[in-house]
Amino acid sequence: MADTQAAPSGDKLVAYDFAAHERPLFEAWRDAGYFQRTPGFGEHAADSYTIVIPPPNVTGVLHLGHALNDTIQDACIRRARMQGYQTRWILGTDHAGIATQTKVDKHLAEQGINRREIGREAFIEACQEWRRDYGGRIVSQIAAMGCSCDYADEQFTMSPEFSRAVRRVFTDWYHEGIVYRGKRIVNWCPHCTTAIADDEAEYEDEKGHLWHLRYPLAEPVGGREYLVVATTRPETMLGDTGVAVSPSDERYRDLVGATVRLPIVDREIPVFSDFYVDAEFGTGCVKVTPAHDPNDFAMGERHDLSKINVFDETAHVVEGFGKFTGMSREEAREAVVAEFEALGLLESVEDHDHSVMHCYRCHTTLEPWLSEQWFVAVDSLKEAAARVVADGTIKFHPERWAQVYLDWLANLKDWCISRQLWWGHQIPLYYCDACGWQDASVDPVDTCPVCGAPTRQDEDVLDTWFSSQLWPFATQGWAEQGNDAPELAAYYPTQVLSTARDIMGLWVARMVMASESCTGQIPFENVIIHPTVMGADGKPMSKSRGNGVDPVQLMADYGADGMRFGLLMQVTGAQAMRFDEQKIEGSRNFANKIRNAARFVLMHLDGYEPGAPEPLTPADKWIFSRLAALVEAVDAAYEGYEFGEMTRALYRFFWNELCDWYIEFSKARLADDADPADRLACQRNLVFVLDQALRLLHPVMPFITEEIYQEMPEKDAPMLIIAPWPDARALAAWRDGEAERAIEMVCEAVGAIRSARSRYGLSPKTPLDAAVKASAADAALLGEQAALIRSLANVGELAVGADVAKPAGSSAAVGAGIEVYTCLAGHVDFEAERARLAKEQAKLAADVAKLEKKLSNPGFLAKAAPEIVAKDQAKRDELADKLARVEASLAELG
RNA sequence: GGUCGCGUGGCGCAGCGGGAGCGCAGGUGCCUUACAAGCACAAGGUCGGGGGUUCAAAUCCCUCCGCGACCACCA
């Protein structure tokens, strides 16, 4: 606190060492146990406030999205802690199946190791090792931000307890028929060699071709010897088992029921009609490959076609296709097309853009692939999940995301949960090959309960999101004690879930479904969907674009407080926010302003004695009134989850009201020759306002506020982190319209005199005489504040009254209800003053005319709310008055 | 194809029914002892175009234009 952060100019700027100031505070909070379950106090003592952090991937590093999201959560929970709730912010990481396995694979590959060679156990050990080496990094970065999570009870989606919860849900759902096994078309990643869920597939537009291929008919029909199919994937023709046409397509009516002799493979396949086919597209004939296209699969089911798998798990052509066997998809495409051309069956090729599915992890083109997989039947789950959002039990902020959520649920299809990976929760389904017994079980089943033979466990692991969906309750004792877990009773449902919109379906909706099914409760009451942080160019941040910003670097440059405040200041209800580093810099400056204001207060405490704040002067009453308004605004913003509003309100109050005016007002009262009683009152009021401001700022800027709080002359809590939140209801008594009016006039008068001085290039050091004319009531209010005006505007003689005359040779500024004359005689040439006043006269005349017109409109008078009419009349009178006074000043200048 | 978001001073954004605001950049003057990461002052916009509702529109409705996102997807 003692050091000046910004050295006087001339000296070299000494960078403030944020980390050195922040880390000890963090450790103090942690060591005092404030990050763990806090006991609660006051009116909310019996209520809990819980947040579960969206668990970052174990191997991840902090990015700006986390930084924003975690700041939001920390602000919420710190405020709740100060409000006296029993708080708990559950921290942990996600094992992130594919993501981690991909990384470890790559890591091993660099050492020339293939995971298939070392086997499952060794590979899992490699993952664990990787996790031990890199796993803690993101948690320490979260700590560097100052997040008040429960670090002593860190969760992991593959911890023994969590795994038990996963097995339990799988087993329960299996027994309820919610989890089932089936041979279906799934999105297959030939690189990761696993199935992935529909929402893990990303569509990307690609330039491609539409090949028109002739398929000869086994027997000519009506003189026709062949039909032409159009396809974007000629290589799949090896697996064709039918050709479909639209039922309403007259052109092909007589072909339905005919047989095609499939070229190359020489297979006889039927021509049939199906409603799926659009006669308008391509040739109107669709080759049907049930094993490699979901729509074809559906047609295959409807028409009882066989399903021929052309590709193996790495998307190479399987045995039995002659020279094509062993070719990659791409090679096979070329070879098939070449063959058709050689056979004279390639009718034409046209360019065709289409969207192609890619793996969201490795971006390999996905192959729709027929395989045996596990699924979650969603029909019984989604109903409750939709209901609790539709009826407002769970609220989205901003509200419109509720519709996105509901739409997602409405379109939901069964969820493929099995993954052909090694890193993850192995599916707890046990088979007895001897007698055919099979069952799911929470605990391992080594021998068959029917015949006693050894069993084997399913090889596949579960989708990462299958475990993530249990996060809000599996972290709270559910695995062992189910819904009787005391933690759940105390801390469930949680209050807030904050996330970006991209995992609305993948995670948010699934948590609701799982929680409703497993606990019978909602998992959280409020869902905050914060905007996605974009790069400075408005595009998503990415390595390849080079527009990424590292939050760790931001914290090093601007402090954790600066980054936090700056991020929240940019939050709006929109879907995206373009990252603006200047906002972070401005917030760092704001933190510095807070530090300096506190320094001012604390260095002027000579003779200070603790005591109740007491607003004596209008300036005191004004700042108390503004403080009361601020608390109300901040509370309202938190309750609406409007973080941009909240931070801007704090910024405005602290900088533009407290620092720009109240502290300036205080200087004279704190001087050595000031009245000791008044000085003490001023000190107490400064301490009080600073203290309240620190509390309001603390959830967003925890470090600087705590650091200052420790220096405060009186404290009602050992640390600010658990100090009571300002009480808006109690403060409301300080609202004072008259004091606000008085100080507004002071500010206006000071501004007018400074402006006149600046306009004519007069030094701030030259004292000027001035006069203020106001209504009798205002003059009475203002008269008491003459000293403030004199000291802030460097005024010599100051006259205030209802009937003061404009001094000769003065510049006039006409404000709201007051007129300010700055004496410039002997200092300036009045030509410029005349021009300025003439310009103002024109502007005022136009404004008055506009209002006159409005007020003479009968429609307005008849229909507008009476207080609006009154307001406009008052405004008109005021402007007319101003105009008259400007004109008078002008006349006087001659 | 469907749904949603955004177009406001040079730049980045707030405001979303009663006379246009903030930050930054730029201009002028200040080392005024809390702060030059600062202070003071001034300048800068017909709120994307058009139409409508209303006494009143940046704000509500329609339409067009331009960005962007999500969902679905026709071989």
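Chain A is the first sequence line, chain B the second, and so forth, proteins listed ahead of strands; every chain is numbered from 1.
Among the nucleotides B:A34, B:A75, B:U54, the one closest to the side chain of A:K863 is B:U54. Taking only side-chain atoms of A:R754, from C-beta outward, the nucleotide of B:A40, B:A42, B:A34 with the closest atom is B:A40. For A:A597, the listed nucleotide lying nearest its side chain is B:A34; candidates were B:A40, B:A34, B:A75. Which of B:C6, B:A75, B:G18 sits closest to the side chain of A:A864 comes down to B:G18. For A:E645, counting side-chain heavy atoms from C-beta on, the closest listed nucleotide (B:G19, B:A69, B:G15) is B:G15. Distances from the side chain of A:K854 to the nucleotides B:G19, B:A34, B:G38 place B:G19 closest. Distance from the side chain of A:N857 is smallest for B:C55 among the nucleotides B:A14, B:C73, B:C55.
Spacing between atom CD1 of A:I868 and atom C1' of B:G17 amounts to 10 Å, rounded to whole angstrom units. Put simply, CE on A:M577 is 16 Å from C1' on B:A69, counting in whole angstrom units. Between A:R757 atom CZ and B:C41 atom C1' there is a gap of 11 Å when expressed in whole angstrom units. If you measure from atom CG of A:L690 to atom P of B:C35, you get 16 Å, rounded to the nearest angstrom. Atom CH2 of A:W661 is separated from atom P of B:C35 by 19 Å (rounded to the nearest Å). Note: CE (A:M504) to P (B:U3) measures 17 Å, nearest angstrom. Put simply, OH on A:Y651 is 6 Å from P on B:G23, counting in whole angstrom units. The distance from atom CG of A:D580 to atom C1' of B:G10 is 14 Å, rounded to the nearest whole Å.
A donor and an acceptor atom sit less than 3.5 Å apart, one in the side chain of A:Q575 and one in the base of B:G68. Residue-to-nucleotide contacts include a donor-acceptor pair under 3.5 Å from the side chain of A:E664 to the base of B:A34. At a cut-off of 3.5 angstrom, the base of B:C73 holds at least one donor-acceptor pair with the side chain of A:S355.
At the heavy-atom level, A:T572 lies under 4.0 Å from the strands shown only through sugar-phosphate atoms. Looking at heavy-atom distances under 4.0 Å, A:R588 makes contact with a base. Across all strands shown, A:W211 has no heavy atoms under 4.0 Å from either base or sugar-phosphate atoms. At the heavy-atom level, A:M569 lies nowhere under 4.0 Å from the strands shown. Contacts of A:H352 with the nucleic acid, taken as non-hydrogen atoms under 4.0 Å apart, involve only primed sugar atoms and P, OP1 or OP2. Counting any heavy atom pair closer than 4.0 Å across all strands shown, A:R652 reaches no nucleic acid atom. Nucleic acid contact class of A:C659 (heavy atoms, under 4.0 Å, all strands): base. A:A865 comes within contact range of at least one nucleobase, with a heavy-atom separation under 4.0 Å. At the heavy-atom level, A:K667 lies under 4.0 Å from base atoms of the strands shown. Residue A:V869 is classed as having no contact, given no heavy-atom separation below 4.0 Å to the nucleic acid. Among the atoms of the strands shown, base atoms are found under 4.0 Å from some heavy atom of A:I663.
Counted by atom type alone, A:T822 and A:R757 present zero donor-acceptor pairs between their side chains at under 3.5 Å. Donor-acceptor pairing under 3.5 Å is recorded for the side chains of A:H21 and A:E707. A:D240 and A:Y215 share a side-chain donor-acceptor pair at under 3.5 Å.
Pairing of B:U53, defined by two Watson-Crick or G-U wobble distances under 3.5 Å, is not identified with any nucleotide. Nucleotide B:G7 has B:C65 as its partner under the Watson-Crick or G-U criteria, with both atom distances under 3.5 Å. B:G1 is paired with B:C71 under the Watson-Crick or G-U wobble criterion, all donor-acceptor distances under 3.5 Å. Pairing partner, B:C31: none, since no Watson-Crick or wobble contact has both distances short of 3.5 Å. Shown here, B:A42 forms no base pair; nothing in the strands shown gives a Watson-Crick or G-U wobble contact with both key distances under 3.5 Å. The nucleotide B:G21 finds its pairing partner in B:C13, both defining distances of the Watson-Crick or G-U wobble pair being shorter than 3.5 Å.
The two atoms that bring A:V869 and A:L855 nearest to each other are O-CD2, 4.2 Å, heavy atoms only.
Electrostatic pairing of A:K539 and A:D537 does not count as a salt bridge here, judged by no charged N lying under 4.0 Å from a carboxylate O. Under a 4.0 Å N-O distance rule, the pair A:R652/A:E657 does not qualify as a salt bridge. Ion pairing between A:R214 and A:E347 holds under the 4.0 Å rule for side-chain N and carboxylate O.
Each of A:K583 and A:K539 lies near RNA chain B, and the nucleotide nearest A:K583 is the one positioned closer to the 5' end. Mapping A:F590 and A:Q403 onto RNA chain B by nearest heavy atom places A:Q403 at the nucleotide closer to the 5' end.
Nucleotides B:C47 and B:G21, compared at atom C1', are 11 Å apart to the nearest Å. Taking the P atom of each, B:U63 and B:G45 are spaced 33 Å apart, rounded to whole Å.
With A:F297 as the aromatic partner, A:K307 meets the cation-pi criteria of under 6.0 angstrom to the ring centre and within 45 degrees of the ring axis. Stacking of A:R510 on the aromatic ring of A:W415 is recorded, both the 6.0 Å distance cut-off and the 45° axial limit being met.
The phosphate of B:C39 has OP1 or OP2 within less than 4.0 Å of a side-chain N or O from A:K593. Phosphate proximity of B:G38 to A:N596: absent, as no side-chain N or O sits under 4.0 Å from OP1 or OP2.
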